[in-house]
Amino acid sequence: MHIEPSIHNLRGMSDILPHETQLWRYMDNTLSTLLTTYGYSEIRLPLLESSALFERSIGAATELVEKEMYCFDDRNGMSITLRPEGTAGCMRARTQHGLHDNRLWYHGPMFRYERPQQGRMRQFHQLGVETFGMPDADIDAELIALNYRMWQQLGVDAQLTLQLNSIGNQHTRENYCAQLVQWIRDQAITLHPTDEARLTANPLRILDSKDTAMQKLLHDAPQITDFLDDDSRSHFDQLRHILDNASIRYRINPYLVRGLDYYNRTVFEWTTTHLGAQGAVSAGGRYDGLAAQLGGGDVCACGFAIGLDRLYLLLKQHIELHNVPHIYTVVFGDDIFAHAMAQIEQIRTAHPELSIVMHCGDGSLKSQLKKADKSGAILALIIGQNEMTAREMTVRELRTEKSTQHTVSDAHIAQWLNDYFIRHPFGNTIHKKLLQ
RNA sequence: GUGAGCGUAGCUCAGAUGGUAGAGCACAGGAUUGUGGCUCCUGCGGUCGGGGGUUCGAUUCCCCUCGCUCACCCCA
């Protein structure tokens, strides 16, 4: 079949296909359950917000706002934007509704107009966790511990490294930036064009330059940790103390900065070397000034966001999930289906936990058994003219080495299945396979 | 936004210095009148990403375009 190119999916907006959704749900369920056990409440937010929200919160001079947002005028001429991240919207909702919940989370698609590559898409998915009104490092530590437990529970903790830094307050950064720029100028070397541009636009971003010469140079440059104000320093020390006690390992990375303007003090990132150029799987920090910036008063805040597509890629390297039914029902012959479905519905009522696929449509016994086999089902329930007349079913075992069949009356089938699955505990329908 | 490499069957890929295409897997049917997995046979399936140019003739050469992938950049 030929499909016009114009009705393909948009660039960077990919479908999540049936063979992938099982692992996505496993990931989502694991994370949301954990968030509940830590006392966090879910909030569901709109995908569209006024453009002004993002310009004011993220920072008008950032790359993200300047070039990567999906902005449109709605029918009234108002500028609206597909959310490029979740923090701003979450903060807006909390302020607007006067919420007192201080632990929130959300998840869903975000949109940034970028060139797609591994782990980076135009529509991508984030799970964000935000906390409010807690000024001390205890909550910073809790968030990191929660995040770490997520990795452990999903079995990807070995692939991730926690990078930690403090970028102090605004004063710290202004002082530091001035010193850094001066120091680089003093080196009297020619810079890479992008670094030259950053030096004037956003000097902090020079710190994550990929230019090896620059990286080497930065080794001797002044470090932001030496510029921290007393409060930021003790906050940072307290955080490290808690993490050390909790045996959560981290790497102090004085070059770790944020692309978004609203961060202060703690910044952290979990990175991996298993995903090509996109190493950050989750990132976060403290953003004490954002609420005031959005007219929400003096409410400090701390949070992080997970790049779910990247986490999925990581997870996929270790786990394979298959959704297989317990039973595939083979129905063949004229006018058998109505009888068969009535029987199967009774089984479903008696055993709601069993997953049962009914064969619909034509197909010989042979071809239906082939489908039963392909489905991965443990048992085939065969219902034909003979069975209907005799008020019984033929049960065929599909996963034993030499297949055996049983004839079971309609009246006893529910009990028979119950006994069978007790004797043969195949676990739940999700077969998890750990890959080496 | 910049650069590089790719687009041939549902999937993974072959192929021709220009003469309109193949394999494996998958799917359907059969060998086996009511029995899956192994084997064998047969069948279905392609405007060779799209448009234009050169040519008697383009899937092959040229130009444009769209899409994919990776990296820069940016970031989760």
Side-chain angles (χ1 to χ4, degrees), chain A residues 1-14 17 19 58 62-69 84-87 107 109-129 147 192-195 197-198 202 205 208-211 256-260 268-272 275-285 303-314 328 330-333 336 359 362-377 379-380 382-387 394-405:
Chain A
M1 185 171 62
H2 181 248
I3 299 176
E4 291 296 325
S6 59
I7 59 171
H8 277 215
N9 62 302
L10 263 31
R11 175 171 222 184
M13 313 236 173
S14 58
L17 297 173
H19 70 274
I58 297 169
T62 56
E63 190 89 4
L64 207 175
V65 169
E66 278 180 356
K67 299 196 286 204
E68 295 180 357
M69 294 208 304
E85 55 97 52
T87 299
H107 82 310
M110 310 287 166
F111 304 84
R112 292 181 197 175
Y113 192 87
E114 303 179 275
R115 280 284 271 271
Q117 65 188 71
Q118 187 181 185
R120 187 176 83 184
M121 284 172 297
R122 289 182 174 181
Q123 173 173 333
F124 61 104
H125 300 83
Q126 276 191 351
L127 184 147
V129 183
N147 204 169
H192 193 272
T194 39
D195 286 337
R198 289 201 267 217
N202 194 350
R205 297 221 57 86
D208 46 28
S209 172
K210 279 186 186 166
D211 186 49
L256 182 67
V257 291
R258 296 271 71 131
L260 279 42
F268 64 91
E269 209 168 274
W270 294 85
T271 59
T272 182
L275 293 180
Q278 307 302 322
V281 177
S282 107
F304 69 91
I306 299 173
L308 292 175
D309 309 86
R310 293 177 186 177
L311 179 56
Y312 174 86
L313 290 174
L314 217 49
Y328 190 102
V330 171
V331 184
F332 70 106
I336 306 292
H359 183 89
D362 291 333
S364 62
L365 171 61
K366 182 192 178 75
S367 72
Q368 290 192 42
L369 272 171
K370 262 187 189 174
K371 287 201 169 79
D373 182 45
K374 292 250 165 66
S375 78
L379 297 177
I382 302 170
I383 304 173
Q385 185 62 52
N386 298 347
E387 285 82 358
T394 301
V395 185
R396 185 172 177 83
E397 298 184 54
L398 298 174
R399 302 299 146 209
T400 47
E401 204 162 313
K402 71 175 170 123
S403 49
T404 42
Q405 287 194 173

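Just so we're on the same page: letters track the sequence lines, and every chain starts at 1. Bear in mind the structure is a predicted one, so any value in this text is a computation, not a measurement. Excluded from the calculations below are hydrogen atoms, water molecules and symmetry mates; all remaining heavy atoms, backbone and side chain alike, are included.
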Over all strands shown, is [X] touching base, sugar-phosphate only, or nothing at heavy-atom distances under 4.0 angstrom?
X	result
A:T400	base
A:G12	sugar-phosphate
A:G276	sugar-phosphate
A:Q278	base
A:L127	nothing

Can you identify which nucleotide, out of [options], has its nearest atom closest to the [X] side chain?
X	options	answer
A:S403	B:rG34, B:rC75, B:rG36	B:rG36
A:L398	B:rG36, B:rU69, B:rC75	B:rG36
A:Q118	B:rC70, B:rG1, B:rU35	B:rC70

Closest heavy-atom pair, A:M69 versus A:P84, reported as atoms and distance to 0.1 Å, is SD-CG, 3.8 Å
Of the non-hydrogen atoms in A:S282 and A:F304, which two are nearest, and what is the gap between them? OG-CD1, 4.1 Å
If you measure from the ring centre of A:F332 to the centre of the six-membered ring in the base of B:rG34, is it under 5.5 Å, with the planes under 30° apart? no
Verify, without hydrogens or angle tests, whether A:E269 (side chain) and A:A280 (backbone) share a donor-acceptor contact under 3.5 angstrom. no
Please round to the nearest 0.5 Å and tell me the distance separating atom NE2 of A:H359 and atom CG of A:L369. 10.5 Å
